[in-house]
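Below, each value reflects all heavy atoms present in this structure, side chains not excepted, and no hydrogens, waters or symmetry copies. Here is the naming used below: chain letters follow the sequence lines, and residue numbers restart at 1 for every chain. A quick note: this is a predicted structure, and the numbers were derived from the prediction, not measured.
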Amino acid sequence: MSDQLIQEAPLVGIKSKLAAAFVKGPKDFGLVERAFMTHVTLRGDPDSPAFRGAVEEVLQLALPSGQTITASASGCSAVWMGPDEWLIQSVEETGPELERALRQALAGEHHAVVDVSSGYTVFELSGRRVREVLAKGCPLDLHPKVFPVGCSTQSHFFKAGITVLHIAEELYQLVVRRSFAEYACLMLLDAADEFIR
Amino acid sequence: MLQITCPWCGARAESEFSCGGEADIVRPLESETLSDEAWGDYVFMRKNTKGVHKEQWFHASGCRRWFNAERDTVTYQFIRTYPIGAGASGDSHGAD
Ligand SMILES: [Zn+2]
C-alpha cells in the first residue's frame, strides 16, 4: 500500500556520477541541483492594469516587462518568458497555493495560471569558469555588459531548452525540463571537464 | 552562424529559431465552395522567390513567438523582422 508519495529529484539517476565529478570540490566550476522549487506559468495581457494589479497584489512584486527578474521580499520571483508570459518561481513548495491565489485574484480577467513545478528542475551553476562552461553549448552573449546580474532569458544548451537566470556575478540558474535534466547535466559535466578534473 | 532579430528578444543565434515557410498566406473564407484546385493551391503551392521573400519564423528556444521576416534568398540577409499583423508599416527591426 502506498499512501505516501515520495518525490524523486530529476537527477537521482546520475547522483553518483555528479558526486564523482566534483570529488575535488567545486573550485572553478560548481553544479548543484535545486530540485522541487515551485514554478508557475502565468499568461495574460501585460497592458491590462487589472491583470497587472491583481498579479502584483498576490505576488508582492512588479511583473517584469523585459528580459529581467523581479523578486518579492518573501522569496518569490517573476521571470519574463515572452511578451505575455512569466514564470513565477519560489524556493518554497507552494505551487498549488500560488496557483489558487492567482486564479482567485484573476477571476474574470483573461489569463492562464498553471503550476508546472513537477515539470522542471533547477541547476545552480557557479564559479570562475561558469560563463565558459555555458558558452560551450549556449549561443547567448553572456558578457556581463550584455547579460548582467538580474537578467534572464530562454535559450538552449546543446539540444536542451533552458531558461538562464543571472543571479550573482559568478552564479547562474538554469531552469531545465525534467525530461532533459539528465542530458543537460551530463553535457554540462562534459563541457566543464577541463575545469573540474 | 546567422543572427536573427526577434521582435521581442533582440538579436539571437540562428540555432534558437525555426523557419515556418512563406508568410501572409490567407486561409480561404468560403472553403465549402472551394474547388479542389484552389484548395490544393492554398495547402501545397508556395512561391520559390529568388530575392526578397516574406517568411514566418519561430523563436523556438526563446520566447516561443511567431513573427514575420523579409529575407533575401540569394544572400541570406535578413532585411527586417516584425510581429505578425504589423504589416509593412509596423514595428520592424532591421538587420545589423
Ligand atoms: Zn524571442
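Neither the backbone nor the side chain of A:D141 comes within contact range of chain B, judged by heavy atoms closer than 4.5 Å.
Residue B:E30 qualifies as open at atom CD: its count of foreign heavy atoms under 6.0 Å is 12 or below. Within a 6.0 Å sphere centred on NZ of A:K27, heavy atoms belonging to other residues, nucleotides or ligands number 12 at most. More than 12 non-hydrogen atoms from other residues, nucleotides or ligands lie less than 6.0 angstrom from CZ of A:R43.
In terms of hydrophobic clustering, with Ile, Leu, Val, Met, Phe, Trp and Tyr side chains grouped at heavy-atom distances under 4.5 Å, A:V130 and A:I162 are assigned to a common cluster. Under the 4.5 Å side-chain heavy-atom criterion for Ile, Leu, Val, Met, Phe, Trp and Tyr, A:M81 and A:V175 are members of the same hydrophobic cluster. Both A:F51 and A:I88 are members of a single hydrophobic cluster when ILVMFWY side chains are connected at heavy-atom separations under 4.5 Å. Cluster membership check: A:F36 does not share its hydrophobic cluster with A:V12, using side-chain heavy-atom separations under 4.5 Å among Ile, Leu, Val, Met, Phe, Trp and Tyr.
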> Given the rule in the side chain to side chain contact (heavy atoms under 4.5 Å, CB included) test, do B:S15 and A:H156 qualify, once you have shown the distances and angles that lead to the verdict?
Replying inline: CA-CA 9 Å; B:S15 59; A:H156 62 85; 2.8 Å; yes
> When you look at A:W80 and B:C9, which way does the side chain to side chain contact (heavy atoms under 4.5 Å, CB included) test go after all the steps?
Replying inline: CA-CA 11 Å; A:W80 187 91; B:C9 304; 4.1 Å; yes
>> Could you walk me through whether A:Q154 and B:H59 satisfy the side chain to side chain contact (heavy atoms under 4.5 Å, CB included) test, starting with their C-alpha distance in whole Å, then the side-chain angles of each, then the deciding distance to 0.1 Å, before giving a yes or no?
In response: CA-CA 10 Å; A:Q154 296 178 84; B:H59 196 183; over 6 Å; no
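When B:M1, B:R12, B:R64, B:E14 are compared by the number of non-hydrogen pairs under 4.5 Å with chain A, B:R12 comes out ahead.
When every heavy atom of B:R65 is checked against every heavy atom of A:G82, the shortest pair comes out as NH1-CA, 4.1 Å. Of all heavy-atom pairs spanning B:A13 and A:P139, the tightest one is CB-CB, 3.4 Å.
Put simply, CG on A:L140 and CD on B:E16 are 5.5 Å apart, with the number rounded to the nearest 0.5 Å. To the nearest 0.5 Å, the span separating OG1 on A:T153 from CH2 on B:W8 amounts to 14.0 Å.
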